[in-house]
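In what follows, residues are counted from 1 in the order of the sequence shown. Keep in mind that this is a model prediction, so the values were computed, not measured. Basis for what follows: all heavy atoms, side chains included, without hydrogens, waters or symmetry-related copies.
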Amino acid sequence: MSSNVLSPDVRSQVYRLKGRIPEGFRPREWVVRTPVGMYPVPPAVQALLAMEWPSRQRQRLIFDDESGREVHLGAYCEVENGLVEEETPRAWYAIGYDQGQCYLVVDLADMDGDFRVYQVDHEGGEEAGEGLHLSTLLSELRSASDHFDFPAGTDRRPGAARSAIDAHTFVHARPDELLPLLDHVTSVEDRLASHVYRTSVDRHRDSDPVTRRQVLAMDAVRWRADELACAITAVPVDGAPAEAWAVEWATGSQLDPRVRGRYRVGSIQVTAVAQGRPVLVAVGTSALHVIDLATGATVVEARLESPQKFRALAVTEAGGRWIAVTGAACVGRCDDGGCGGGCGGRIERWSLTDGTPAGAPITGHLGSVRAVAVASVAGKQVIISGGGDRVLRMWDLETGAPLNAPSAEVPDLDETGAIAAIAVGEEGGRTIAVTGAEDGTGLVWDLESGGTLGRSLTSDDPDRVDAWISHASIARFDGRPTVVTSGDDKLRLWDPQTGKQLGDALGEGCVRSAVAEIDGQSVVVTASYRGVVKVWDLRDRRVVRGPVSVLSSSGGYVDALSTAFVNGRLVVLVSKHGHTVVVDLEAAPVPGEGPRRGHADEIIAVAVGGSDSGAHLVTGSRADAARVWNVGDGTELHELCTVRSAGIKAVAATRLGDRPAVVTAESGKLRVWDPSTGELTRTIGVGGRDGHQVLGMSVLDHSHRTVAFTAGYDGRVLGWDLAEGGPAGLPSLTGHAQYIKAALPMTVGDQPVVAVTDLDTVRIWDPASGETTRTLRHERNVECMTVLDSAARQLLITACHDTLHIWDPATAERLGSIHTGDTVRALSAAEIDGQSLVAVGGYRRTVRLWDAATCQQVGSTLTLPDDVGALALAPGGRLAVAFGPDIALLSWRDCPRRGLTESA
C-alpha cells in the first residue's frame, strides 16, 4: 500500500510540494473518538498524516497569498462537540491547523481519495461551510524555508554510483539523491543511462513514479537504449497497473550528452555559491527560484510582489543573510522605449531564502534600471545601478540610502544609450566599475571616490560604429585586470587603465559572455544569438571547447549566460525565454549510432500514408522541412523541402491515381511529392489569389479528382486540383467571421462536404455549390477538429478547450461530449478492431485515448517529455505522436518488438 490511496490530483500536489509517503507505509486498524462516537480513520487520511515533508523543522507550507499563513499538516487530534455549529453531528477529526488559528478538519464518514477539508475557528461555534477538496487546498500552498534547505549529501562509497544505475532506482529514487551520483559513473553503458535520466529530469523530477516511468522509457528509446527502455517499462509501481504504452521508436533531434539538464525559470538569472553549494538564482515576472545545481533541486520558490518588470539581478551575502537585488522598469512604459520622465524604475531587495522584501524599494533613476551589481567599497556593501537615464548611481545595501550625487543628469530618456551592463573589479588596489551601454559606450568608474568617471573604452575598429554592449566582465590575465565586453556580435578585450582595445575583436555572433577560471587561468565563455556556446583561451585567442548548440534555432535571442563549477566541472547556463539549459562541455560523447536526428524545430503536423512498400509518416515542422519516415523502424526516408523561412503549415498523405502522394502547405504554396523517391512532382502557387495565405490544408477525393482545400487568414477556403496543378473550379467558401482555423473534408452519405471552423461555429459546406448545409454551434471557441471514419458513417469530433464534442454532420446532432482533463491541442480518430477511438494530445504533455461510443477513456494516460504538437493514429493500432521537434511511434496493445503487452 502506498500513495495510491490518494487521488491522482492529490498525489500531483503532494509531489509538487516535495512531500512523500514513507517507504513501507501500511494503513492500520485505527479508531478515534469523534462527535458521533468512535470512528475508523480511512487509509487516505492515514496516508496524509504519515506524509513526510522535507526537513520538517525548516520547511514550511504557507498559503500562496498575501496572508502567507503557515499550514501544519499531520497535527491530528480529537474534535470536541461544539467546535462546529451543526444540527446533526458529524464524524469530525482534525488533521492540522493554520496560523490563522483555524483547525483543518475532515468528516471521516465522507471519504474518498480527494476528500474535503474544512477550516473552522479554534474557538468553535461556526459552521463548517462547503470546505475544499484536499487537492485544491494543497494547490493554494507553497513551500518556504527560513534558510536554504539543501538536499542531504550522497553516498560517496566505492560502487555507490554504479549501484544507482538500475531501472528500479531510476523510477523510484528521488532525483536530488540520484543526480549527484551520475557524475561519477565510468562505463559506456552507465554514461548512456545517466544521459537518459538527465534528458527530461526537469519534467519528471516532481512527478509520481508512473509518470517518471513513462518519460524515462521514452527518453531511453530516443537515445536508442532499447534494453534500458524495456527494463524501465517493466518496473512495477505499487498500486498501479503495468505500463500500457510501449515506445517502438522515437527521434532525439536535439539530444546532446553535454546537456546536464533544463529548467523553466525566469530569464533574468545569475549563479552564486551559497553555503558551499553552486546555485542558480532566477527571477521571472513575479517569481524567485533558487536551484541547487549539484542536485537540480529547487531549494527556494517564492513569489515576488512587485508592480514593475524585472530587468536586472545581483546576489550577495550580507550580515549572514542572502540578498537578491533586482532592477526594474515600469511595465508598458519605460520597457517600451522610455517613460518620458513620468515614472522611474525601482531597485528592490529580497530575502533570497523566502522572497520577502529585505527593505523598502529604492527609487531615484528617471528611467528603467537595466543593470545592478553589488560590491564592497571602503568596507561597505554597496549597490551599483544604471539604466535608461544613463547615470551610474550607488546605494547603501543595508539602508538603501544614496551614496553619490551624479551630476550627469540626462533629460532625453529614449534609452538608446541605456546602461545595460555593469562589472566590478579591482585596479591598483581600488574598486572600479565598468559600464557598457546600448550605444556602444564603455566607461570606467572609480567607486572609491563616489562613482566618478574615469576613462572611456575606445577603439580604432571601424566595425564599432554601430556597436552595442550587453555584457561586461573583469578578468585577470597575466596578473592584470582586463575588461571583457560582448553584445555587438563580437567579443572584445580592453585595458581598463588606458581604455584601449586589446587586439582584434573575436568571434562571430557573440552576444553574451562570462568569465570563468580553469586550472588557474581565466577563460571566457560566449553564446551566440541562437545559443551556440564556445570557451575561449584569451592568451592564445582561440576556442578550446565547443562549439555546441544548446537551444532551438527558432525565435528570440539568448537572454542570459552564466557559469558555475559543479563537482569540479565547469558548466554553462544559457537562458532564452525562461528556458535554461545547463551544459557540461567536457562530457564525453556517447559511442554507437546515437539518437535518430530529424527536425530542428517543433513539429506541428503529422499524417499517415501507405505505399506498396508499407506505411509511412509525414511530419512538418514550424520553421523546418517536411520529412517522410518509415513507420516500421523509424528510418527517415526523405527530407522533402527546405523552405525554412516560410515554414510548414500542414501536411497530408493521399493518392494521385494509383500512386501515393504527399502534399505540403506553406504560406503561399502547395507542393506535391512522391514519398517513395522524395521527388517534387508539382508546385501550386496559392498566394496570388487576392492575398490568400494558407493557415491549414487537407485533402479529399471529389468527383474522381484529388482536391486540396486550403484554409486562409482571409476567411476563405479554396479548392485546388492536385493532378492538374491549379484551381479546382469550385466556389470559394466564404462567410466566416475571421481567419479559418481548419477546413476538413469528409463525406455525408455519398456526398463530399467540408467542415469549416473559425471561432465557436462549424459550418458544413457543399463544395460544389458553396452553400452551407449545416451549422454546429459551440459554447466556446473550437480549437481543432478531426473526422472519425467508422464502418457505418463519418462523425465529426470538435475540441473546445478541454472538452470534445461528437457530431453527426448529416443531422447536426451532438451525440456526446468528453471532458479530457487537459486543454486539447491535437486530435486524431480512427476505428480500430471495431472500436471508435479518439486520440487527444494536451498542453500538459499528455496523450489520452477515448472511446467515442461510450465517451470513456481507454487505457492509461501517457505523459511525454515535451508539449504535444500533433498526432495521428497509424495502421496496426499504433499512434504517432509529435512532441517538440521529435516524433515517436507508440503501441498500446501487443508490442512484439519489445516484448511488452498491455494490461490496462
Side-chain angles (χ1 to χ4, degrees), residues 3-17 19 21 27 30-51 53 60-144 303 779-780 801-803 817-823 844:
S3 61
N4 62 294
V5 299
L6 298 170
S7 77
D9 290 338
V10 172
R11 294 201 302 270
S12 175
Q13 293 299 329
V14 166
Y15 277 102
R16 180 183 65 84
L17 294 168
I21 294 179
W30 185 8
V31 179
V32 297
R33 188 181 305 279
T34 77
V36 293
M38 303 302 292
Y39 220 94
V41 179
V45 174
Q46 293 190 40
L48 179 67
L49 297 177
M51 196 73 65
W53 306 98
R60 308 193 313 274
L61 299 178
I62 64 176
F63 277 103
D64 194 9
D65 57 21
E66 294 181 356
S67 70
R69 304 191 318 273
E70 283 191 35
V71 173
H72 298 265
L73 296 175
Y76 51 86
C77 65
E78 299 175 3
V79 176
E80 297 179 357
N81 290 323
L83 181 66
V84 181
E85 181 69 27
E86 54 193 340
E87 293 183 3
T88 304
R90 296 163 66 180
W92 296 118
Y93 195 68
I95 61 169
Y97 62 92
D98 69 26
Q99 218 171 26
Q101 297 184 325
C102 287
Y103 284 115
L104 303 177
V105 301
V106 298
D107 180 358
L108 298 181
D110 184 17
M111 284 282 124
D112 55 27
D114 193 1
F115 48 84
R116 288 187 177 272
V117 180
Y118 305 80
Q119 299 180 56
V120 295
D121 188 86
H122 73 291
E123 293 183 354
E126 294 184 357
E127 295 183 357
E130 295 184 358
L132 294 173
H133 283 291
L134 178 59
S135 62
T136 302
L137 173 68
L138 295 176
S139 72
E140 295 179 353
L141 304 179
R142 63 181 174 92
S143 301
R303 174 173 292 181
E779 292 78 14
R780 305 184 68 168
H801 190 54
D802 59 356
T803 303
S817 297
I818 297 171
H819 180 67
T820 66
D822 192 359
T823 302
R844 297 177 184 172

Output, in order, the C-alpha distance, side-chain angles, deciding distance and verdict of side chain to side chain contact (heavy atoms under 4.5 Å, CB included) for Met51 and Val14. CA-CA 9 Å; Met51 196 73 65; Val14 166; 3.6 Å; yes
Take Trp92 and Thr34 through the test side chain to side chain contact (heavy atoms under 4.5 Å, CB included) and record every step on the way to the result. CA-CA 6 Å; Trp92 296 118; Thr34 77; 5.8 Å; no
query = Would you say Asp121's side chain and Cys102's backbone share a donor-acceptor pair under 3.5 angstrom?
reply = no
Worksheet item: Considering only heavy atoms from C-beta outward, does the side chain of Val45 approach that of Phe115 to under 4.5 Å?
Response: yes
Are the side chain of His72 and the backbone N or O of Tyr97 linked by a donor-acceptor pair below 3.5 Å? no
Test side chain to side chain contact (heavy atoms under 4.5 Å, CB included) on Leu138 and Leu73 and set out the steps. CA-CA 11 Å; Leu138 295 176; Leu73 296 175; 4.1 Å; yes
Okay, side chain of Thr823, backbone of His801: is any donor-acceptor separation there less than 3.5 Å? no
- Mark yes or no for whether Asp114, through its side chain, and Ser135, through its backbone, hold a donor-acceptor pair below 3.5 Å. yes
By ring pair (Phe, Tyr, Trp, His ring centres under 6.0 Å), Tyr103 pairs with (sequence neighbours left out) none
Ile95 and Val105, any side-chain heavy atoms less than 4.5 Å apart | no
Here the gap from Glu126 atom CD to Gln119 atom CD, rounded to the nearest 0.5 Å, amounts to 11.0 Å
Arg116 meets the salt bridge (charged side-chain N to carboxylate O under 4.0 Å, His left out) criterion, sequence neighbours left out, with none
In this structure, OG1 of Thr820 is separated from CG of Asp802 (nearest 0.5 Å) by 5.0 Å
Report task. Check the pair Leu6, Gln13 against side chain to side chain contact (heavy atoms under 4.5 Å, CB included), reporting the backbone distance first and the verdict last. Result -> CA-CA 11 Å; Leu6 298 170; Gln13 293 299 329; over 6 Å; no
| request: State, yes or no, whether a side-chain contact exists between Leu49 and Gln46 at a heavy-atom distance under 4.5 Å. | output: no
Next item on the list: Please say whether the positively charged group of Arg90, taken as NZ for Lys or CZ for Arg, lies over the ring of Tyr118, i.e. under 6.0 angstrom from the six-membered ring centre and within 45 degrees of the axis.
Entry: yes
On a heavy-atom basis, the closest approach of Leu108 and Pro42 is CD2-CD, 3.8 Å
Across all chains, not counting sequence neighbours, the side chain to side chain contact (heavy atoms under 4.5 Å, CB included) partners of Glu127 are Glu85
